[in-house]
Structure formats: C-alpha cells, structure tokens
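One structure is given below, encoded as structure tokens.
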Amino acid sequence: MIHPPAERTNRISSALTLEIVARTAALRADGKPVLSLSVGEPDFETPRPIREAGKYAIDHGITRYTEGRGTLALRKAISAKIARDQKLDYSPEQILVSNGGKHVITNFMLAAINPGDEVILPAPYFLAYPEVIKLAGGVPVILETDPKSRYLISPGQLERAITPKTKMIVLVTPNNPSSTAYTQEEIAALAPVILKSKAWILSDEVYEHLLYDGRRQASPAHRPELYERTLYVSSCSKSYAMTGWRLGWGCGPKEIVAAAAKLQSQMTSSPSAIAQHAAIEAVSNDQRDREEMRCVFEKRRDLIFSLVQRWPHVEAPKPEGAFYIFPRIDGAWRAAGKPYPGSLAVSMRLLEEEFIATMAGVVFGDDRAIRLSFAASEETITQACSRIERFLSKI
Ligand SMILES: Cc1ncc(COP(=O)(O)O)c(C=O)c1O
C-alpha cells in the first residue's frame, strides 16, 4: 500500500466540462454531425510571420534555457507594446513572462496569497479561478452578477464583500464567459471602494484586443491611484491565435513581480525559448493580422447576438469583447411552467438531442446560463443557433 495523492489535490475539482467534451468526442466518433459552440480559442492559424519566427528560433539555436522571468529582448518588446497599445508604462523589471496567461495568474496568486486570505471573484468567472485561489490557500468570495447589469459588479456590492482579510480582487475584462467589459467610468466608480482596502487587483486582460463597437480597453492600471496595486495579465493566446504556444505576461510593482519570478524559476526554469522568440514578432509587428481577426469576430458577434435575441424568455447582454455569449436560459422553463433542470442537464440534452456542443454555465459559477462560443464559422453559428431555438421551443 503506497500513500494517496496529497491533500491539496482534493481541494481542487476537475473540470465538469470533461463530461461534455468526452460525450462530444464519442458522438463524433459515431459519425454524428456535432456542431461545436464550446471552444475557448480562436479558430485561426497563428499568423505566418509569427510561425516563421518560431521556425527561425528552432533553426538558429534559440533553443536553450532563458532567463527565468523571460528574455530581456521579449520583456523590452512587451514593454514597448503595452506603451503603444495601452499607454501604460511598465519597465522590463516590472514584467514576468510565463507559459500562458493562466500560468501568470497562478504565479501571481502564489506570490500574493497566504493561507486563509480572501479573494473576491465576480461570477460568472473563468473556471480556473476558484481552483487556483484554493491551490494558493486562499478563500474565494464569489460575487453574483446578472445579465441586467451586464454581468458586472457594482461599487456597493464590492464594498459589502471587502473585509480586513481581502487580499485580492479579481477583475476580468473583457470577461469569459460573459464577454462584457468594464468602461473607464465603471472602473472609476469602483476605485474609491478598492482604495479603502489593501487589496491587490488582479486584472485579467487576455481579451484586451478583442473589443467591439469601437470600445477601447479600460484597465485599473490606467488609473494612477490603482496602478501600484494592479497586477495586469495578458497573453499571446487570444490576440495572436497562439493558444498552443503557451506565452503570457504579467506586470506590476517590481517586488511582487520578482517574488512571482522566483517561484516560476524554481518550478519551470523559464518559458519556452522558441515561443518567446515568436512572441517578439507577435507583439512588435504591424498588428494587421490581429485587427483582421478582430473584425471577423465582430461580424460573428453581430450574427450570434441577432440570433440569440430571437429566443423567447432568454436574456443575454450583447458581447462587448472576447468571443462568447452567455444567455440566461432558466426563464424559458419558468415561462413553460416546468422546473429548470440546471445548465449541465441542458448542455447534455442539447448535445444528445440536437448535436450541439455548448458549455454549462455551472462550471463558470452561474447555473442559470449556458456559454456559446462564436469562435466558429458563420455557417456553424447559424445552424447551431437554429437547432437551439428548436430545442427551446419544445420545452
Ligand atoms: C479569462 C481568461 N483568462 C486567462 C485565460 C488563459 O489563457 P492563456 O493561458 O492561454 O494565456 C483564459 C483562457 O481561456 C481566459 O479565458
């Protein structure tokens, strides 16, 4: 008899989505015409110049360990990119490069959170958050939101949640799964409440370049009074269709960035040298590919929003960024006088009866909704939405 896995692994749940993913694969293997609105990554190839830079690295010996926090060349390129795109000032010493945004988030949480610290997390949330908070020994304090307030938190709600134990407030903008984004004014309204605490703000901006209707990214780091406490996180994944390259960065005050870099250097030595070299090309080039992909997503956003709006008793704020829509569907059951079976049951039935793969809202902390991704062709979006409409009409 040998020892079981460590207790910390029991604190973390494995993704409920696995059931849906496994069933989708089984139906496809059976030849069923499953249409997927469940993916969380761009359906584009990584742009050619970035791919070429990766190949160059492989062929020219850029294949060894690098500085633990990322090469100086890449951190300089990221510093210039952030100054160009967000008008924010971060020196290379204030930047940590990791294996994707998720890895940056984990590093920052491990660097900032002590056992028992509270972390405020608005729901619906990106599903990794509660688990990473718990891994760091923190206690997630979940704030519920609603489609009526575009799934954003209010200053009063935040004020009620803050306690002397609050170590961090997570803001994800644009958000996954709701795809709504804070405006500068909305962040300004939260600022006085945040300033009454000593909390860090973890500002997840991995979708910062996927914004629609002419919106500009609003970050807490843009506000001078919040800049020092903001841990700004972004990534190559969504902006440059580079999910598999695993390359992200985090910025903040030097001390916390150095603490996170120390953890990272012992755990992974450094991010991939090849991905780092390709990332220099991604963040430094003319950004035309990035803008082209954004325009395609905006067209698909218009399409899916117009289709979802036709569904009776369903509420969904218009996606302002990212590539998801998060319709609240429980009202459709209420209107039919039937008990709502929960989002996992709805997702499974959509899969079994209509061959549509979606993500149950419960995995994002909101069981009243399902997440549809529009990282799919217009044809797939149109067909899938018409099958969901048919399903809802039969409740
Ligand atoms: C809100 C949010 N943050 C972070 C990530 C992680 O992105 P990556 O680790 O690929 O940079 C994702 C990916 O889906 C996300 O949706």
Side-chain angles (χ1 to χ4, degrees), residues 15 17 21 36-44 46 50 70 74 78 81 95-110 119 121-133 135 140 145 151-153 168-182 201-211 217 219-220 230-251 260 264 267-268 271-272 275-276 278-279 282-283 290 293 297 319-326 359 361 363-366 371-376:
T17 49
V21 172
S36 179
L37 295 186
S38 65
V39 282
E41 59 185 342
D43 53 330
F44 301 107
T46 304
I50 305 173
L74 175 56
I78 291 170
K81 176 224 175 285
I95 298 176
L96 168 68
V97 179
S98 304
N99 300 294
K102 210 176 195 176
H103 189 208
V104 180
I105 294 162
T106 310
N107 285 326
F108 274 154
M109 294 220 169
L110 289 174
V119 178
L121 177 64
Y125 44 71
F126 173 48
L127 50 102
Y129 274 109
E131 311 312 318
V132 176
I133 294 167
L135 178 65
T145 63
Y151 290 116
L152 304 177
I153 55 167
M168 186 181 272
I169 298 161
V170 176
L171 288 181
V172 183
T173 184
N175 187 36
N176 171 11
S178 67
S179 279
T180 49
Y182 289 87
I201 306 167
L202 187 125
S203 185
D204 178 338
E205 306 186 30
V206 301
Y207 296 99
E208 64 185 325
H209 296 301
L210 288 171
L211 277 168
Q217 179 67 355
S219 169
T230 299
L231 304 173
Y232 158 74
V233 179
S234 195
S235 156
C236 280
S237 291
K238 320 286 176 172
S239 304
Y240 301 103
M242 289 177 71
T243 46
W245 295 76
R246 309 310 303 130
L247 204 292
W249 54 87
C251 310
Q264 166 163 302
M267 284 195 273
T268 60
S272 149
Q276 288 189 67
V283 301
R290 186 179 84 187
M293 292 189 274
F297 279 127
E320 297 162 347
F323 38 71
Y324 313 101
I325 188 164
F326 198 59
M359 284 287 186
V363 304
F364 308 104
D366 190 335
R371 189 191 76 174
L372 312 176
S373 157
F374 50 92

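Numbers here simply count residues along the sequence, with the first being 1. In each ligand, atom 1 is the first atom listed, and ligand 1 is the first ligand listed.
Ranking the protein heavy atoms by distance from atom 12 (C) of ligand 1 puts Phe126 CZ, 3.4 Å first. Among protein heavy atoms, the minimum distance from atom 10 (O) of ligand 1 is reached at Ser237 OG, 2.6 Å. The protein heavy-atom contact nearest to atom 3 (N) of ligand 1 is Asp204 OD2, 2.6 Å. Of the protein's heavy atoms, Lys102 N, 3.8 Å lies nearest to atom 6 (C) of ligand 1.
Every atom of ligand 1 is numbered from 1 in the order shown, and the set under 4.0 Å from a heavy atom of Arg246 is 8 (P), 9 (O), 10 (O). The ligand atoms of ligand 1 that sit less than 4.0 angstrom from a heavy atom of Val172 are 1 (C). Atoms of ligand 1 lying under 4.0 Å from any heavy atom of Lys238, numbered from 1 in the order shown and given with element: 12 (C), 13 (C), 14 (O). The distance from ligand 1 to the heavy atoms of Val206 drops below 4.0 Å at these ligand atoms: 2 (C), 3 (N), 4 (C), 15 (C). The ligand atoms of ligand 1 that sit less than 4.0 angstrom from a heavy atom of Gly100 are 9 (O), 11 (O).
Judged by distance alone, with hydrogens and angles left aside, the side-chain atoms of Tyr151 form a donor-acceptor pair with the main-chain N or O of Phe326 at under 3.5 Å. The backbone N or O of Tyr232 sits nowhere less than 3.5 Å from a side-chain atom of Thr230 that would complete a donor-acceptor pair. Looking at Tyr182, its side chain does come within 3.5 Å of a backbone N or O of Ile153 through a donor-acceptor pair. A distance-only check finds a donor-acceptor pair linking the side chain of Gln264 to the backbone of Val97 [under 3.5 Å]. A donor-acceptor pair under 3.5 Å is absent between the side-chain atoms of Glu208 and the main chain of Gln217, judged by distance alone.
Checked by distance only, ligand 1 and Gly101 come closer than 3.5 Å through their nitrogen or oxygen atoms. In terms of polar-atom proximity, Ser235 is counted as a contact of ligand 1, with an N or O under 3.5 Å from an N or O of the ligand.
When ring centroids are compared, Tyr324 and Phe126 stay outside the 6.0 Å threshold.
Within the 4.0 Å heavy-atom shell around ligand 1 one does not find His103. In this structure, Thr243 does not count as a contact residue of ligand 1, since none of its heavy atoms falls inside 4.0 Å of the ligand.
Here the closest heavy-atom approach between residue Met293 and residue Ala241 is recorded as SD-CB, 3.9 Å. Considering every non-hydrogen atom in both Asn175 and Pro124, the closest pair reads ND2-O, 3.0 Å.
Checking each of Val104, Leu171, Val172 against Asp204 for a side-chain contact (heavy atoms from CB on, under 4.5 Å) leaves exactly one that passes, namely Val172.
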